[in-house]
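A note on names: the letters A, B, ... follow the listed sequences, proteins ahead of strands, and every chain is numbered from 1. Quick caveat: nothing in here was measured; it's all calculated off a predicted structure. We use all heavy atoms of the structure for the numbers below, so side chains are in, but hydrogens, waters and symmetry mates are not.
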Number of protein chains: 2
Amino acid sequence: MMIVIATDTRQRMVRSAALLFREQGYSGTGFRDVIEHSGAPRGSIYHHFPGGKAELAAATAEWAGGVVERQIARAGRDGDPIAVLRGFVAGWREVLESSDFRAGCPIVAVAVESEAGPEAVAAAGHAFGRWQDLIAGTLRDAGVGRAEARRLATLVVAAIEGAIVLSRATRDLRPLRDVGRELEATLRAALPADDS
Amino acid sequence: MMIVIATDTRQRMVRSAALLFREQGYSGTGFRDVIEHSGAPRGSIYHHFPGGKAELAAATAEWAGGVVERQIARAGRDGDPIAVLRGFVAGWREVLESSDFRAGCPIVAVAVESEAGPEAVAAAGHAFGRWQDLIAGTLRDAGVGRAEARRLATLVVAAIEGAIVLSRATRDLRPLRDVGRELEATLRAALPADDS
DNA sequence: GTCTATACGAAGATAGAC
DNA sequence: GTCTATCTTCGTATAGAC
């Protein structure tokens, strides 16, 4: 657990960074952009982020990871893995549609640039791990074996993140839609038969 | 079909850009880096790429896409979709291992940065499409229906690209390995039973 | 917590000689 | 095809006042 002095300004900067990262990536986004987008005062950058841009990247990955994490947890309250999958896909479809395919996942943006620094990359890995844990938990609760649940959860996260990239590149929702459909079939096949 | 005046210098620059993009991304890689890495003469940048960095990005996505495409075609000569999948996974594992998890897919690097320009993003989308076409073709030849083959091919490309990102972020080959394993099971289940 | 000012290198891009 | 020189903007980061 990281202890962070939370302020409105810092929080707004992190949120803006997430929105900018998912379109322009880490290197493509400067403090200049973050300041403008968040309306934060210019002089407060290194007050809130003494570690500079690398610290901002780590905080952004952590925050964005938490947002998605809570979304997954909410969709999984009924214990239905298929509902979790559908909610996950729907959330990303909304990101693609509302941005005209310009935006993707901010965690991916951090993960694919080693320059963001080891802490930021680790925060991205931690976020992906938490998502997988939540999804695997729903699968286990639905009767899937532990090891298989883990592998399936990894497949779900990887396939959807990849589908987002494919959909952005082709400016077409088909990859995300088809991957969602195939994943749904895969999960159904792995779940114990329910004759009720 | 694009007509390009191919020269050694231009070719070396494109190759270097691909190697740099997969670690640092598009925005994180400057012409400076490309010149240094390729040993190309400084004054020849805008001779070979009148369109500037955006043209370099498009050429890089196209070239890297072709390299992987030929690799897929080679692995598919025997008509075995499982062999194609394994070759695909093995190729990316080598990239991750040999770079200590610093390198990923250069096409993804271009696809996730809108700043690279529409032509470059389209080139990335075209590359992904070609890979899917080849994989879908192998599946159809093995007896899978047209629509299902297409969806499965999309799943394979998306899941593996996503797994590369997850493996980079966690500095662990497990995501790529587990996704490869699950995809293999999925393909086997989709192929017509073979009792020979 | 926020300000201005500033350092200093690097970015992409262009011009014109050779 | 390649060179050097140069333009302009932007990048991160720091110093020190308020």
* Who pairs with E184(B) by side-chain hydrogen bond (donor to acceptor under 3.5 Å, both in side chains), at least two apart in sequence or on another chain? -> R86(B), R188(B)
* Asked: Could you state the CD1-P distance from I35(B) to dG1(D), rounded to the nearest angstrom?
  -> 15 Å
* Can you name the residues that form a ring-ring contact (aromatic ring centres under 6.0 Å, His included) with F49(B), not counting sequence neighbours? -> none
* Within less than 4.0 Å of OP1 or OP2 of dG1(D), is there a side-chain N or O belonging to H47(B)? -> yes
* Pairs satisfying salt bridge (Lys or Arg N to Asp or Glu O under 4.0 Å), at least one member in residues 143-155 of chain A, at least two apart -> E148(A)-R151(A), R151(A)-E182(B)
* side-chain hydrogen bond (donor to acceptor under 3.5 Å, both in side chains) involving H37(A) - partner list, sequence neighbours excluded -> S16(A)
* To do: Sequence neighbours left out, what passes side-chain contact (heavy atoms from CB on, under 4.5 Å) with D100(B)? Give chain and number order.
  => R102(B), R171(B)
Show me the donor-acceptor pairs, under 3.5 Å and distance only, between side chains in residues 68-76 of chain B and residues at least two apart or in other chains.
{"residue": "E69(B)", "atom": "OE1", "partner": "R130(B)", "partner atom": "NE", "Å": "3.4"}
{"residue": "E69(B)", "atom": "OE2", "partner": "R130(B)", "partner atom": "NE", "Å": "3.0"}
{"residue": "E69(B)", "atom": "OE2", "partner": "R130(B)", "partner atom": "NH2", "Å": "2.4"}

* **Separation of dT12(D) C1' from I45(A) CD1 (nearest whole Å)** => 9 Å
* Using side-chain hydrogen bond (donor to acceptor under 3.5 Å, both in side chains) as the criterion, list what pairs up with S167(A), not counting sequence neighbours. => none
* **Euclidean distance, atom CG of residue L56(A) to atom P of dG11(D) [Å, nearest integer]** => 13 Å
* Structure fact -> The contact string for nucleotides 12-18 of chain C, one letter per nucleotide 5' to 3', using protein heavy atoms under 4.0 Å with B, S and - for base, sugar-phosphate only and none, comes out as SBB----
For residues 18-25 of chain B, dump all side-chain donor-acceptor pairs below 3.5 Å to protein atoms at least two apart in sequence or in another chain.
{"residue": "Q24(B)", "atom": "OE1", "partner": "T29(B)", "partner atom": "OG1", "Å": "3.2"}

* Check each residue of residues 108-123 of chain B for a non-hydrogen atom within less than 4.0 Å of any atom in DNA chain C, then write out the ones that pass by number, or none. => none
* Five-pair end axes of the helix from dG1(C)-dC18(D) to dC18(C)-dG1(D), angle between them (10°) -> 10°
* Asked: T9(A) side chain N/O closer than 4.0 Å to the phosphate oxygens (OP1, OP2) of dG1(C)?
  -> no
* Contact list for DNA chain D against residues 11-22 of chain A - heavy-atom distance below 4.0 Å -> none
